[in-house]
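Every chain is numbered from 1, with letters handed out A, B, ... down the list of sequences.
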There are 2 protein chains.
Amino acid sequence: MLPSIELQLINKKVKPTAMRLLVLEILYKDRNAVSLSDLVSKFERAEKSTLFRTLKTFEEKKIIHRIDDGTGSVKYALCADDCDDMHEDEHIHFVCTVCKNTICLNNIKIPSINLPNNFKLNDLQIIAKGICDKCNS
Amino acid sequence: MLPSIELQLINKKVKPTAMRLLVLEILYKDRNAVSLSDLVSKFERAEKSTLFRTLKTFEEKKIIHRIDDGTGSVKYALCADDCDDMHEDEHIHFVCTVCKNTICLNNIKIPSINLPNNFKLNDLQIIAKGICDKCNS
DNA sequence: GCTAACTTTGCAACCCGGTTGCACGAAAGA
DNA sequence: TCTTTCGTGCAACCGGGTTGCAAAGTTAGC
Ligand SMILES: [Mn+2]
Ligand SMILES: [Mn+2]
Ligand SMILES: [Zn+2]
Ligand SMILES: [Zn+2]
């Protein structure tokens, strides 16, 4: 567990418990977004509800953001450093149909769309499905 | 129940039972996408499993398409007439944060995006959240 | 029309991801 | 140390979705 991980928790005003450090470390190391059940099986020795509350705390403190990729289980990934109050991590999420992983595409520009008259847009969620670079041989 | 509704079922090789006609009629009349629980409460006197299987049949026969708008319950809306084998209803879905309704925006062009190297795109799902025309006063 | 084969429906039970109440133990503060 | 707050484990719950099975309805052969 890198010292920076502990620092990040302290910066975001979250007490760096053992559990939280381990979860945050996983989120840092994995390029894929992780679900609650991913975490449960990754530790094999931790309580679902504790992990649930860890994710909830992280989300509230803007350490991670939720990804609803339509696969039936919510996934989470680290927020960008500049994710301040609004919690606006606006980027595309890619779901690989081969390895089933979900990835944040932070460097792809979000397109703009024109809504019909009198519609007001607040948030645009884009899920791209296909084959990821690792599976695309 | 319009005769065209019955015809549509026959065209798609689905037996036009009373239940199916009623459900399809609702889907025709409502501009909002409907969920299973929407249907259950709309009839008040029909079995959830029957409605579930009705939706399942309609989806398999390409009469309706599923919308995963991240609200926790899957919604369904009519397919376009030209929705043939591929079941590719590619359009944006709008979720109103006020009235909580989900609407197919069939006339908005889907933007194109550039994925990183070696990623292959198969499907782009776009959920726009905001305030719909009716709620935006 | 009468029966057999198939389809649709109703009911109950189940599954699974997510969530909560509660009690215990660890940590922080006075 | 004593008290208060916080984090964790466990069990139970919730709601959307799904399935097995038997009854009811429909279709087709005779
Ligand atoms: Mn992301
Ligand atoms: Mn649609
Ligand atoms: Zn992949
Ligand atoms: Zn609205």
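By the 4.5 Å heavy-atom criterion applied to side chains, B:Glu59 and B:Tyr76 are counted as neighbours.
A:Thr71 is linked by a side-chain hydrogen bond (donor to acceptor under 3.5 Å, both in side chains) to A:Asp69, A:Lys75, counting only residues two or more places apart in sequence or in another chain. Considering only residues two or more places apart in sequence or on other chains, B:Ser35 meets the side-chain hydrogen bond (donor to acceptor under 3.5 Å, both in side chains) condition with B:Ser37, B:Asp38. Applying the salt bridge (Lys or Arg N to Asp or Glu O under 4.0 Å) test to A:Lys100 and every residue at least two apart in sequence or in another chain returns nothing. Under the side-chain hydrogen bond (donor to acceptor under 3.5 Å, both in side chains) criterion, A:Asp68 pairs with no residue, sequence neighbours left out.
In this structure, the CG atom of B:Leu9 is 16 Å from the P atom of D:dT26, given to the nearest Å. In this structure, the CD atom of A:Glu47 is 13 Å from the C1' atom of C:dT19, given to the nearest Å. Between A:Leu24 atom CG and D:dG7 atom P there is a gap of 15 Å when expressed in whole angstrom units. For the pair B:Leu55 CG and C:dT9 P, the computed distance is 12 Å after rounding to whole Å. One interatomic measurement links the two molecules: CG of A:Leu21 to P of D:dG7, which rounds to 13 Å at whole-angstrom precision. Across the protein-nucleic acid pair, A:Leu39 atom CG and D:dT8 atom P stand 13 Å apart, rounded to whole Å. Separating the CG atom of B:Leu51 from the P atom of C:dC11 is a distance of 12 Å, rounded to the nearest angstrom. C:dT7 atom P lies 11 Å from atom CZ of B:Arg20, rounded to whole Å.
Listed by first and then second residue, the ring-ring contact (aromatic ring centres under 6.0 Å, His included) pairs involving residues 94-128 of chain B are A:Phe94-B:Phe119, A:Phe119-B:Phe94 (not counting sequence neighbours). Note on residues 122-137 of chain A: pairs passing salt bridge (Lys or Arg N to Asp or Glu O under 4.0 Å), not counting sequence neighbours, are A:Arg31-A:Asp133. Applying the salt bridge (Lys or Arg N to Asp or Glu O under 4.0 Å) test to residues at least two apart or on different chains, none of the pairs has a partner in residues 102-122 of chain A.
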Worksheet item: When every nucleotide of nucleotides 16-23 of chain D is labelled 5' to 3' by its protein contacts under 4.0 Å (heavy atoms), B for base, S for sugar-phosphate only, - for none, what sequence of letters results?
Response: SBBBBB--

Practice prompt. Indicate for each nucleotide in nucleotides 25-30 of chain C, in 5' to 3' sequence, whether protein heavy atoms under 4.0 Å reach the base (B), only the sugar-phosphate (S), or nothing (-).
Written response: ------

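If you check every strand for non-hydrogen atoms under 4.0 Å, B:Thr17 touches sugar and phosphate atoms only.
With a 6.0 Å radius and a threshold of 12 heavy atoms from other residues, nucleotides or ligands, B:Asn136 has its CG atom above the threshold.
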